[in-house]
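In what follows, every chain begins at residue 1, and chains take the letters A, B, ... in the order their sequences are listed. These figures come from a predicted structure and were not determined experimentally.
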Number of protein chains: 2
Amino acid sequence: MAKKTNIIEDHSTEEKIKQAARKIFTQKGYAAARTRDIAEEAGINLALLNYYFRSKEKLFDMVMGEQMQQFIRGMRGVFHNEDKTLIQKVTEMADNYIELLKANPDLPIFVLSEIRANPEKFAAKMNVKSVIANSHFMKQIAEETKGKLHPIHFLMNIMGLVVFPFIASPLLKTIGNLKHSEFNNLMEERKKMIPIWIKAMLKAK
Amino acid sequence: MAKKTNIIEDHSTEEKIKQAARKIFTQKGYAAARTRDIAEEAGINLALLNYYFRSKEKLFDMVMGEQMQQFIRGMRGVFHNEDKTLIQKVTEMADNYIELLKANPDLPIFVLSEIRANPEKFAAKMNVKSVIANSHFMKQIAEETKGKLHPIHFLMNIMGLVVFPFIASPLLKTIGNLKHSEFNNLMEERKKMIPIWIKAMLKAK
DNA sequence: ACTTGATTTAATCATTTGATTAAATCAAAT
DNA sequence: ATTTGATTTAATCAAATGATTAAATCAAGT
């Protein structure tokens, strides 16, 4: 049995397959994705795909795991920092995530779809909870709202303002007659506006 | 060839199949949904399913079409009304949609996933654009923001605040340690808060 | 009782699709 | 030149799955 040899400088085939898999999986979702399409997208053949990753599911788990990590990575720093103000953190989150999502617009709907389709599988990997719940960030929110509202409302609000436009972008582009570049310009504007909006919402009553 | 006979009082088999299809399709998405599962869920057999709807795709189109209609139905009234204030309309939208989504929590991610997976198919059915773009509602928003921001920002904001929590609910429930009933209570709170928040955002600068 | 249409049962097809295998080829290192 | 591992080619499997069919059964209306 042959095995891959490049362990360090693996910028060739293995990574190429993972990139292709990421693209096809995020575009179509797990069930609709075809390993043949992934192989073609990667510029290799089906046999080699199964030679590197033993199965579709293994390949998916690999890609999915990395995507989730990417999703969480940006958070951890922000959520547990104890020096910055709430609004500073909101600004940082908006900046980071909008930048990430401009590059990977299908990421959220992919992640959220697969979680919905397979909740048990992700219940395990859900260190998300430990990252966010009881974070300094959540305490700051609780402080601002002082009992009036559940802090999770503002987590919903922030994420909703940042993420939702990307999830609904096909619809929004149609409604607003927006070219892709125009849509991205709007997202650029939102980097500035979201902290302002959140601030206003926190004060409102 | 046999054909169905109940045309008016069709509250039995055909509707039962559609309900089952709606459930399975929205839960798993088109690709992952199995016609066998739909038949089982409907309490009938595979042959009968194909006897009523000629194919999986036809069944899907039927269900999907109705779902889209449901999505748009609520809008049309609100968006073209010329008597109510902007905030009154936001209140009405939040009420209507949160109520709808409490009953069908998987609806948004299903609709948006399928649009993403198959944009061409829905480009045709997109009378959505005509319903929303150039509506009185959008003009009211444009008036409020007077050139400062693209009105679509506020459409994103309203929809994001209303819809996103349902899309991300598995995640949010985990993070917030929320039971389903507690989650729904929060959504109830949002009916009141979203108009207040939107008002605050419109004033903010 | 008879007819008619709805529904089931059971078997079967054809296609798609994930997976595997063996042999051939290619490229690079030794 | 030889060896070694990566990759291709081509063929094939087995399972899942959408679809179809024929015959039997059931229920309701006449």
Side-chain angles (χ1 to χ4, degrees), chain A residues 1-65 110 113-114 117-118 121, chain B residues 1-65 114 117-118 121:
Chain A
M1 256 176 274
K3 275 281 160 188
K4 64 210 158 187
T5 193
N6 324 340
I7 296 181
I8 301 189
E9 48 182 356
D10 209 359
H11 268 298
S12 221
T13 304
E14 184 166 355
E15 191 54 34
K16 212 163 50 178
I17 296 176
K18 284 205 287 193
Q19 275 175 20
R22 203 174 310 137
K23 180 173 174 183
I24 302 293
F25 278 137
T26 51
Q27 243 171 40
K28 311 235 193 177
Y30 178 78
R34 304 287 158 235
T35 52
R36 282 166 169 82
D37 296 341
I38 295 175
E40 187 186 11
E41 173 75 29
I44 53 106
N45 54 37
L46 187 51
L48 193 61
L49 186 150
N50 284 326
Y51 164 80
Y52 272 98
F53 307 84
R54 295 180 46 103
S55 72
K56 181 189 182 183
E57 201 183 350
K58 292 243 177 61
L59 175 56
F60 176 77
D61 287 346
M62 184 123 303
V63 170
M64 189 66 177
F110 165 67
S113 291
E114 297 300 337
N118 225 328
K121 199 167 184 174
Chain B
M1 257 177 274
K3 275 279 161 190
K4 66 210 158 189
T5 190
N6 324 342
I7 296 178
I8 302 188
E9 47 184 355
D10 210 1
H11 268 299
S12 221
T13 304
E14 183 166 355
E15 191 55 34
K16 212 162 50 179
I17 296 175
K18 284 206 286 195
Q19 275 176 20
R22 203 175 310 137
K23 180 173 174 184
I24 302 293
F25 278 138
T26 51
Q27 243 171 40
K28 311 236 195 177
Y30 178 79
R34 304 287 159 235
T35 53
R36 283 167 168 81
D37 296 342
I38 295 174
E40 188 186 11
E41 173 75 27
I44 53 105
N45 54 38
L46 186 52
L48 193 61
L49 187 150
N50 284 326
Y51 164 80
Y52 272 98
F53 307 85
R54 295 181 47 103
S55 72
K56 180 187 183 184
E57 199 183 353
K58 293 242 175 64
L59 175 56
F60 176 78
D61 286 345
M62 183 122 305
V63 170
M64 190 65 178
E114 296 300 337
N118 225 328
K121 197 167 185 176

From [atom1] of [X] over to [atom2] of [N], roughly how many Å is that when rounded to an integer?
X: B:Asn45; N: C:dT7; atom1: CG; atom2: P; value: 10 Å
X: B:Leu48; N: C:dT9; atom1: CG; atom2: C1'; value: 12 Å
X: B:Leu59; N: D:dT17; atom1: CG; atom2: C1'; value: 15 Å
X: B:Ile44; N: C:dT7; atom1: CD1; atom2: C1'; value: 9 Å

Mind checking the CG-NZ spacing from A:Leu49 to A:Lys16? Nearest 0.5 Å is all I need.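 Rounded to the nearest 0.5 Å, the CG-NZ separation comes out at 12.0 Å.
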
Working to the nearest 0.5 angstrom, can you tell me the gap between B:Lys18 NZ and B:Tyr52 OH?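 Atom-to-atom, B:Lys18:NZ and B:Tyr52:OH are 12.0 Å apart.
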
Listed by chain and number, what are the ring pair (Phe, Tyr, Trp, His ring centres under 6.0 Å) partners of B:Phe53, not counting sequence neighbours?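 B:Phe53: no ring pair (Phe, Tyr, Trp, His ring centres under 6.0 Å) contacts found.
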
Could you please spell out the steps behind the side chain to side chain contact (heavy atoms under 4.5 Å, CB included) verdict for A:Glu114 and A:Phe60? CA-CA 11 Å; A:Glu114 297 300 337; A:Phe60 176 77; 3.9 Å; yes

Extract from the structure each pairing of a protein N or O with an N or O of nucleotides 16-25 of chain C at less than 3.5 Å, listing the distance.
residue: C:dT17; atom: OP1; partner: A:Arg34; partner atom: NE; Å: 2.4
residue: C:dT17; atom: OP1; partner: A:Arg34; partner atom: NH2; Å: 3.4
residue: C:dG18; atom: OP1; partner: A:Ala33; partner atom: O; Å: 3.3
residue: C:dG18; atom: OP1; partner: A:Arg34; partner atom: NH1; Å: 3.3
residue: C:dG18; atom: OP1; partner: A:Lys56; partner atom: NZ; Å: 3.4
residue: C:dG18; atom: OP2; partner: A:Thr35; partner atom: N; Å: 3.1
residue: C:dG18; atom: OP2; partner: A:Thr35; partner atom: OG1; Å: 2.8
residue: C:dG18; atom: N7; partner: A:Arg36; partner atom: NH1; Å: 2.9
residue: C:dA19; atom: OP2; partner: A:Lys56; partner atom: N; Å: 2.7

Donor-acceptor pairs under 3.5 angstrom involving side-chain atoms of residues 35-48 of chain A: please list them, not counting sequence neighbours.
residue: A:Glu41; atom: OE2; partner: A:Lys23; partner atom: NZ; Å: 3.1
residue: A:Asn45; atom: OD1; partner: A:Leu48; partner atom: N; Å: 2.9

Sorted by number, residues from residues 18-26 of chain A placing a heavy atom under 4.0 Å from DNA chain C are none

Below 4.0 angstrom from OP1 or OP2 of D:dA19, is there any side-chain N or O of B:Tyr51? no

Just jot down the side chain to side chain contact (heavy atoms under 4.5 Å, CB included) partners of A:Glu57, sequence neighbours excluded, or say none.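 In terms of side chain to side chain contact (heavy atoms under 4.5 Å, CB included), with neighbours along the sequence ignored, A:Glu57 is linked to A:Tyr30, A:Ser55, A:Asp61, A:Lys121.
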
With no hydrogens and no angle check, is any side-chain donor or acceptor of B:Lys56 less than 3.5 Å from a backbone partner on B:Ala33? yes

Closest heavy-atom contact between A:Ala32 and A:Lys28? CB-O, 3.4 Å

Taking both distances under 3.5 Å as the test for a Watson-Crick or G-U pair, what stems of at least three pairs does DNA chain C have?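 Runs of three or more consecutive pairs: C:1-30 with D:1-30.
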
